[in-house]
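The shown structure was predicted, so the numbers you read here are calculated from the model rather than taken from an experiment.
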Amino acid sequence: MMNSYEQLDPHSSSPQQPLPAMARDTTKDNPWPVSLISSKFADAVDRWPTAWITGQVHQINARRSGQVYMTLRDNQTTTQMDVVFFGAPAYEAAKFAQGDLVVIHGKANMYQPRTSLSFRADEIHHVGKGGLMEQIEQLRKKLKGEGLFDDDHKVPLPAFPQRIGLICAPGARAEGDVITNARLRWPSIEFSVQHVHVQGPSCPSEVITAIAQLDADPSVDVIIVARGGGAFEDLIGFSDEGVVRAAADCVTPLVSAIGHEDDWTLIDLAADLRASTPTDAAKRIVPDVREELSLVSEARTRIFGALHNKVSTEQQRLSAYTQRPSLTHPQSILDKPQQFVKEARTRLNTAMNFMTAEATSTIDKLHATLTALSPQSTLNRGYAVVQKADGTVIDVANALTAGEGISVTLKSGKLNATVNETIMED
């Protein structure tokens with residue numbers, strides 16, 4: 001059987017000379033294939049001992065269940081190493097975050113298909129924060145204490161912005177992502193773009209200036225500070241104190257879209273809205289014209305429906321009015337008043353008749369009484385009334401003297417006489 005590492009002439013099926021057993025024996029005419037030297041590397045790495053190592057978590061990817069991929073950075077230099085966790089250690093490693101200072105136990109591991117060297121960890125412990133991360137944490141606490149991150153400092157985003165101020169690197173993918181996605185959603189949107197360095201020493205000052213310029217432009221409705229993903233050190237400019245204060249002091253609503261969803265900077269805390277990516281910023285700031293048109297269409301349908309229902313209701317009401325007897329037979333309106341007047345007149349006549357009868361009866365009674373007591377009744381029975389000339393009624397004879405004139409009132413008529421003699425009877 002042919003050795004698995006024996007070479008074959010591509011133009012012949014016969015095997016050529018066997019491969020060298022040692023690396024020092026390889027030649028230009030008889031080299032090792034990549035798979036062989038990768039296998040040699042893997043064999044050598046397998047013989048390395050386990051070790052404890054320490055460093056700062058530079059990047060971490062824990063999106064797959066049971067697998068964590070971490071980039072560990074030396075806390076003093078820029079040296080980095082890939083660290084992998086599988087199984088139970090992965091669940092423990094997933095609790096850590098960028099910037100954590102850790103101690104890890106494990107062993108060097110070679111992924112042969114790519115000849116990729118990494119450190120396979122089986123244990124991890126937290127020992128603090130990395131130097132740079134610790135500085136940012138102290139700055140965060142300071143600014144938080146000043147209230148720069150409080151909700152009452154946040155400004156609501158406009159519902160329908162007409163112009164977006166965009167701060168990004170020249171020719172950056174973030175610029176294209178924001179503009180393309182925004183115009184797909186709202187074609188009429190306009191942009192005022194400020195190009196700046198998004199990493200390096202000049203980054204903070206340029207970002208501060210760009211924020212101030214766009215904030216002073218009255219046509220800008222909202223500002224986006226955008227940058228693609230990168231290492232923690234690449235994003236450090238957006239955790240600069242001046243940049244954070246400029247974002248907090250910005251009157252125009254400001255959105256941060258720095259890095260990817262797992263990345264974070266202090267400007268995210270001061271911004272009025274933090275977007276996970278530049279694309280996410282465009283989608284959250286600009287409304288979707290299709291959705292808005294759909295809402296308008298639905299609103300129009302509801303309005304027309306409400307108007308139709310209102311008109312229909314009023315038409316039914318008018319129809320009901322026209323069917324009322326008061327409109328179909330107007331004279332019926334007078335029926336009740338006429339009936340009321342008729343009944344009132346009947347009641348009034350009855351009352352008047354009763355009152356008249358009662359008054360008549362009273363008068364008759366009074367008339368009978370008066371008649372009975374009247375002097376005329378006495379005269380009617382044959383009596384007379386004698387009076388002196390001055391009208392004094394004489395009821396005794398000695399009240400007169402002979403020769404005195406008197407008047408005598410009879411039942412009918414009156415006569416004058418002279419007293420000849422007065423006679424007093426016992």
Side-chain angles (χ1 to χ4, degrees), residues 56 58 73 78 97-99 129-157 163-172 174-175 178 191-278 280-281 285:
Q56 177 181 330
H58 184 61
R73 180 181 180 275
T78 58
Q98 190 179 50
K129 291 284 186 182
L132 187 58
M133 181 62 71
E134 183 64 25
Q135 295 177 24
I136 294 177
E137 179 62 17
Q138 292 300 321
L139 178 59
R140 184 193 70 80
K141 292 180 180 178
K142 171 187 172 183
L143 299 180
K144 179 177 175 61
E146 295 180 16
L148 265 67
F149 306 148
D150 292 349
D151 289 341
D152 56 4
H153 277 77
K154 308 298 183 184
V155 180
L157 302 185
R163 179 178 291 273
I164 296 175
L166 178 60
I167 301 173
C168 60
E175 179 178 357
V178 171
F191 285 88
S192 292
V193 181
Q194 292 282 343
H195 289 136
V196 299
H197 285 90
V198 293
Q199 67 184 71
S202 60
C203 170
S205 61
E206 292 183 11
V207 172
I208 293 171
T209 301
I211 291 176
Q213 290 177 349
L214 292 175
D215 191 27
D217 186 347
S219 67
V220 174
D221 300 309
V222 61
I223 299 171
I224 300 176
V225 182
R227 186 202 191 283
F232 176 74
E233 290 79 2
D234 296 337
L235 307 178
I236 197 66
F238 296 96
S239 292
D240 178 82
E241 182 174 357
V243 171
V244 178
R245 292 188 181 277
D249 294 338
C250 185
V251 176
T252 305
L254 185 141
V255 177
S256 66
I258 309 300
H260 300 303
E261 187 172 358
D262 294 337
D263 298 323
W264 69 273
T265 59
L266 291 185
I267 195 176
D268 296 331
L269 303 178
D272 299 303
L273 174 69
R274 189 253 177 177
S276 58
T277 63
D280 180 53
I285 291 175

request  = For Phe191 and Ile224, run side-chain contact (heavy atoms from CB on, under 4.5 Å): C-alpha distance rounded to whole Å, both residues' side-chain angles, the deciding distance at 0.1 Å, then the answer.
outcome  = CA-CA 10 Å; Phe191 285 88; Ile224 300 176; 5.5 Å; no
key: Nearest atoms (heavy-atom pairs only) where Val198 meets Ala226   =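 The pair with the smallest heavy-atom distance is CG1-O, 4.3 Å.
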key: Residue pair Gly228 / Ala174: nearest heavy atoms and the distance that separates them   =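 Answer, listing the atom of Gly228 first, then Ala174: N-CB, 4.1 Å.
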ask   = Okay, side chain of Asp272, backbone of Leu254: is any donor-acceptor separation there less than 3.5 Å?
value =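 Yes, Asp272 side chain to Leu254 backbone: donor-acceptor pair under 3.5 Å.
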key: Gln56 side chain vs Arg73 backbone, donor-acceptor pair below 3.5 Å   = no
message = Do Cys168 and Val193 make a side-chain contact, defined as non-hydrogen atoms from C-beta onward lying under 4.5 Å apart?
response = yes
query = Has Asp151 got more than 12 heavy atoms of other residues, nucleotides or ligands less than 6.0 Å from its CG?
reply =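 Counting other residues, nucleotides and ligands, CG of Asp151 stays at 12 neighbours or fewer.
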task = Only one of Val222, Asp280, Ile223 passes side chain to side chain contact (heavy atoms under 4.5 Å, CB included) with Ile285; say which it is.
result = Val222
Asp215 side chain to Val251 backbone, donor-acceptor under 3.5 Å = yes
message = Within this structure, what is the CZ-CD1 distance for the pair Arg274 and Ile258, rounded to the nearest 0.5 Å?
response =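 Rounded to the nearest 0.5 Å, the CZ-CD1 separation comes to 9.5 Å.
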task = Verify, without hydrogens or angle tests, whether His153 (side chain) and Gly147 (backbone) share a donor-acceptor contact under 3.5 angstrom.
result =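 Between the backbone of Gly147 and the side chain of His153 there is a qualifying donor-acceptor contact (under 3.5 Å).
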message = Do His260 and Ser276 make a side-chain contact, defined as non-hydrogen atoms from C-beta onward lying under 4.5 Å apart?
response =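 Contact flag for His260/Ser276 side chains = no.
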task = Evaluate the side-chain contact (heavy atoms from CB on, under 4.5 Å) criterion for residues Gln199 and Leu235: first the C-alpha distance (whole Å), next the side-chain angles of each, then the deciding distance (0.1 Å), finally the verdict.
result = CA-CA 6 Å; Gln199 67 184 71; Leu235 307 178; over 6 Å; no
Shortest non-hydrogen contact between Gln194 and Ala210, atoms and distance = CB-CB, 3.8 Å
request  = Examine distances only and state if a side-chain atom of Asp150 and a backbone atom of Asp152 form a donor-acceptor pair shorter than 3.5 Å.
outcome  =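 Flag not set: sc Asp150 to bb Asp152 has no pair under 3.5 Å.
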message = Give me the atom names and distance for the closest heavy-atom approach of Val243 to Gly237.
response =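 In this case the closest contact between Val243 and Gly237 is CG2-O, 3.6 Å.
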query = Can you tell me how far CD1 of Ile267 sits from OG of Ser239, rounded to the nearest 0.5 angstrom?
reply = 9.0 Å
task = Could you please spell out the steps behind the side-chain contact (heavy atoms from CB on, under 4.5 Å) verdict for Leu214 and Thr252?
result = CA-CA 8 Å; Leu214 292 175; Thr252 305; over 6 Å; no
inquiry  = Between Glu206 (side chain only) and His197 (backbone N and O only), is there a donor and an acceptor less than 3.5 Å apart?
reply    = yes
query = When rounded to the nearest 0.5 angstrom, what distance separates CZ in Arg227 from CG in Asp234?
reply =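 Those atoms lie 5.0 Å apart.
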task = Could you tell me which non-hydrogen atom of Ala281 sits nearest to which non-hydrogen atom of Ala257, and how far apart they are?
result =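 That closest heavy-atom pairing would be CB-CB, 3.8 Å.
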query = What is the minimum heavy-atom distance between Ala247 and Ile211, and which atoms define it?
reply =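 Minimum heavy-atom contact is N-CD1, 4.3 Å.
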Within 6.0 angstrom of His195 NE2, more than 12 heavy atoms from elsewhere = yes
task = Measure the shortest side-chain to side-chain distance between Phe238 and Leu266 over non-hydrogen atoms and say whether it is less than 4.5 angstrom.
result = no
task = Could you tell me the separation between the CG atom of Asp268 and the CG atom of Leu273, rounded to the nearest 0.5 Å?
result =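 Spacing of CG (Asp268) from CG (Leu273) equals 10.0 Å.
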request  = Apply side-chain contact (heavy atoms from CB on, under 4.5 Å) to Ile164 and Val220, showing your working.
outcome  = CA-CA 6 Å; Ile164 296 175; Val220 174; over 6 Å; no
inquiry  = With rounding to the nearest 0.5 angstrom, report the CD to NZ distance, Glu137 to Lys142.
reply    = 14.5 Å
ask   = Roughly how far, to the nearest 0.5 Å, is the SG atom of Cys250 from the CD1 atom of Ile208?
value = 12.5 Å
task = Check whether any side-chain N or O of Lys144 sits under 3.5 Å from a backbone N or O of Phe149 as a donor-acceptor pair, and report yes or no.
result =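 Side chain of Lys144 to backbone of Phe149, a donor-acceptor pair under 3.5 Å: no, none is there.
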key: Basic-acidic side-chain contact under 4.0 Å: Lys141, Glu146   = no
